[in-house]
Asks: 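Pasting in a structure now, in structure tokens, and then I'll have a few things to ask.
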There are 2 protein chains.
Amino acid sequence: MGLTKTEIFSEQQNEIAVFAKAFAHPARVAILQHLFKMDNCVCGDLVIEIGLAQPTISQHLKELKQLGLIKGNIEGTSVCYCIDRENWNRMKKLLNEFFDQDISTSGNCC
Amino acid sequence: MGLTKTEIFSEQQNEIAVFAKAFAHPARVAILQHLFKMDNCVCGDLVIEIGLAQPTISQHLKELKQLGLIKGNIEGTSVCYCIDRENWNRMKKLLNEFFDQDISTSGNCC
DNA sequence: TTGTTTCATTGCAATATTACGATTAATAAG
DNA sequence: CTTATTAATCGTAATATTGCAATGAAACAA
């Protein structure tokens with residue numbers, strides 16, 4: 001099939017999965033790291049920096065934009081991307097709640 | 001293609017992507033949440049709890065085990081799974097470093 | 001032994017993802 | 001106008017992922 005059965009999971013579980021998908025590719029990790037490092041928002045520089053073809057980078061940027069993790073601004077012929085800090089923090093909070101559910105101190109079988 | 005060019009990325013970037021892939025499917029999110037919630041480690045219960053076929057759950061468990069996030073213990077005919085807390089914390093640290101790189105206070109174009 | 005239970009593995013079909021060449025659209029420069 | 005430059009989109013090939021029926025393997029019960 002190849003089709004995820006999203007309807008049998010909770011909204012929270014699906015949201016975690018969707019955000020995680022954003023980081024599930026090293027190119028998108030690299031893009032986000034670069035956008036954090038640069039103060040002035042880069043754009044076509046990412047193509048040179050990362051070493052993938054322009055359509056490939058453009059596609060990854062589109063996915064990150066659709067998720068709301070980055071924003072794009074047209075400046076002449078070039079487009080300037082940067083982190084959407086509000087949504088980034090929302091995502092951070094959601095994933096940290098998931099990471100920090102390890103409250104139990106009791107032993108288990110393993 | 002469909003083949004990720006891992007060789008052009010840093011080890012850290014690839015590691016983040018590989019861990020993120022673990023959470024990039026709601027079934028695996030649900031499995032991990034259930035393992036955290038239960039003190040005695042479940043196993044075939046996951047099939048009932050989650051509502052996917054047994055081979056499908058088994059496959060997701062295999063991926064999580066290969067990543068080191070969970071461990072499995074054979075107990076008679078059943079297998080008892082639980083979180084590998086050491087690796088879980090390693091993963092948590094790595095991803096939190098990635099999430100918390102937002103130190104810059106300067107404005108940008110967007 | 002023969003069944004039963006529990007889980008892993010195999011094999012396969014449907015769909016998703018990754019990557020890029022070719023093209024297009026929009027702006028800027030001449 | 002024409003010609004770059006920049007980035008999005010289209011089309012397509014290669015590969016990965018998801019899901020499950022069928023089967024296999026191991027432990028247990030009778």
Side-chain angles (χ1 to χ4, degrees), chain A residues 1-9 13-14 17-18 20-31 34-35 40-67 70-82 109-110, chain B residues 1-9 13-14 17-18 20-31 34-35 40-67 70-82 109-110:
Chain A
M1 283 125 191
L3 172 60
T4 298
K5 289 191 164 179
T6 52
E7 68 278 6
I8 69 173
F9 301 104
Q13 288 164 341
N14 282 313
V18 165
K21 224 169 259 178
F23 316 124
H25 194 288
R28 291 190 291 267
V29 171
I31 288 172
H34 197 75
L35 290 183
N40 69 349
C41 307
V42 270
C43 127
D45 299 339
L46 288 165
V47 176
I48 298 160
E49 273 283 324
I50 291 174
L52 288 171
Q54 179 265 320
T56 309
I57 297 291
S58 196
Q59 197 176 291
H60 284 303
L61 286 168
K62 189 182 176 185
E63 287 171 53
L64 291 173
K65 201 162 63 175
Q66 274 172 343
L67 266 174
I70 66 173
K71 291 187 283 190
N73 244 26
I74 301 172
E75 291 189 351
T77 51
S78 62
V79 178
C80 160
Y81 282 102
C82 64
C109 64
C110 305
Chain B
M1 283 119 193
L3 171 60
T4 299
K5 289 192 165 179
T6 53
E7 70 277 7
I8 68 173
F9 301 104
Q13 288 165 341
N14 282 313
V18 165
K21 224 169 258 177
F23 316 123
H25 193 288
R28 291 191 291 269
V29 171
I31 287 172
H34 197 75
L35 290 183
N40 70 349
C41 307
V42 269
C43 124
D45 298 339
L46 288 165
V47 176
I48 298 159
E49 274 282 324
I50 292 174
L52 289 171
Q54 178 264 322
T56 309
I57 298 291
S58 197
Q59 195 177 292
H60 284 304
L61 286 168
K62 189 182 177 184
E63 286 171 53
L64 291 172
K65 201 162 64 177
Q66 274 171 343
L67 265 175
I70 65 174
K71 290 187 284 189
N73 244 26
I74 301 172
E75 291 188 351
T77 51
S78 62
V79 177
C80 161
Y81 282 101
C82 65
C109 62
C110 306

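These numbers come from the heavy atoms of this one structure, side chains and all, not from hydrogens, waters or symmetry mates. The sequence lines fix the lettering, A, B, ..., with proteins before strands; numbering per chain opens at 1.
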Asks: For A:Val47 and A:Phe9, find the nucleotide of DNA chain D closest to each by heavy atoms; which residue's nucleotide sits nearer the 5' end?
Replies: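 Of the two residues, A:Val47 wins.
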
Asks: Given that A:His60 and B:Pro55 both sit by DNA chain C, which one's nearest nucleotide is further toward the 5' end?
Replies: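 This one resolves to B:Pro55.
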
Asks: Rounded at 0.5 Å granularity, tell me how far CG in A:Leu64 sits from CD in A:Gln59.
Replies: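 A:Leu64 CG to A:Gln59 CD: 11.5 Å, rounded to 0.5 Å.
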
Asks: Is the B:Phe9 ring parallel, tilted or perpendicular to the A:His25 ring (thresholds 30°, 60°)?
Replies: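 B:Phe9 vs A:His25 ring planes: perpendicular.
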
Asks: Tell me: NE2 of A:His25 to P of D:dA16, nearest whole Å?
Replies: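 Distance, rounded to whole Å: 11 Å.
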
Asks: In whole angstrom, what separates A:Tyr81's OH from D:dT6's P?
Replies: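 In whole Å, D:dT6 P lies 15 Å from A:Tyr81 OH.
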
Asks: Report the distance from atom CD1 of A:Ile50 to atom P of C:dC20, rounded to the nearest whole Å.
Replies: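 Going from A:Ile50 (CD1) to C:dC20 (P), I get 12 Å.
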
Asks: Let's see if you can work this out: which of C:dT18, C:dG21, D:dA21 has an atom nearest to the side-chain heavy atoms of A:Arg28?
Replies: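 Closest nucleotide among those given: C:dT18.
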
Asks: To the nearest Å, how far apart are A:Glu63 CD and C:dA16 P?
Replies: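 Distance, rounded to whole Å: 13 Å.
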
Asks: To the nearest Å, how far apart are B:Ile8 CD1 and C:dC20 P?
Replies: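 About 8 Å, once rounded to whole Å.
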
Asks: Of the nucleotides C:dT5, D:dG19, D:dA8, which has the atom closest to the B:Thr77 side chain?
Replies: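 Nearest to the side chain of B:Thr77 among the choices is C:dT5.
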
Asks: Rounded to whole Å, please give me the gap between CG in B:Asp45 and P in C:dT5.
Replies: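 These atoms are roughly 16 Å apart.
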
Asks: Output the single nucleotide from D:dT9, D:dC20, C:dA8 whose closest atom is nearest the side chain of B:Ser58.
Replies: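 Within the option list, the nearest is C:dA8.
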
Asks: In terms of side-chain heavy atoms of B:Ser78, which of C:dT6, C:dA19, D:dA8 is nearest?
Replies: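 Nearest listed nucleotide: C:dT6.
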
Asks: Grab the CD1-P distance between A:Ile74 and D:dA8 for me, whole Å please.
Replies: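 Going from A:Ile74 (CD1) to D:dA8 (P), I get 8 Å.
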
Asks: Can you name the nearest heavy-atom pair linking A:Ala22 to A:Leu67, along with the distance?
Replies: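 Closest approach of A:Ala22 to A:Leu67, heavy atoms only: CB-CD1, 3.4 Å.
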
Asks: What about A:Gln54: does its side chain form a donor-acceptor pair under 3.5 Å with the base of D:dA8?
Replies: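 Counting by modelled atom types and ignoring angles, a donor-acceptor contact under 3.5 Å is found here.
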
Asks: Quick one: on DNA chain D, does B:Gly51 or A:Val79 contact a more 5' nucleotide (nearest heavy atom)?
Replies: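 Going by which nucleotide is closer to the 5' end, it is A:Val79.
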
Asks: May I ask you to check whether over 12 heavy atoms, not counting those of A:Ile8, lie within 6.0 Å of atom CD1?
Replies: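 Check passes, neighbour count above 12.
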
Asks: Check the distance between D:dT6's P and A:Lys62's NZ and give it to me in whole angstrom.
Replies: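 So the NZ-P distance, A:Lys62 to D:dT6, works out to 22 Å.
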
Asks: Please check the phosphate of C:dC20 (OP1 and OP2 only) for any side-chain N or O of B:Lys5 closer than 4.0 Å.
Replies: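 Yes, such a contact exists.
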
Asks: With the side chain of B:Leu52 defined as its heavy atoms from C-beta on, choose the nearest nucleotide among D:dA16, C:dA8, D:dC20.
Replies: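 Closest nucleotide to the B:Leu52 side chain: D:dC20.
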
Asks: Answer yes or no: is there a side-chain heavy-atom contact under 4.5 Å between B:Thr56 and B:Ile50?
Replies: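 No - every pair of side-chain heavy atoms lies 4.5 Å or more apart.
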
Asks: Select one nucleotide: of D:dC20, D:dT6, C:dA19, the one nearest the side-chain heavy atoms of A:Gln59.
Replies: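 Output: C:dA19.
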
Asks: For DNA chain C, whose closest nucleotide is more 5', that of A:Thr4 or that of A:Gly76?
Replies: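 Between the two, 5'-proximity favours A:Thr4.
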
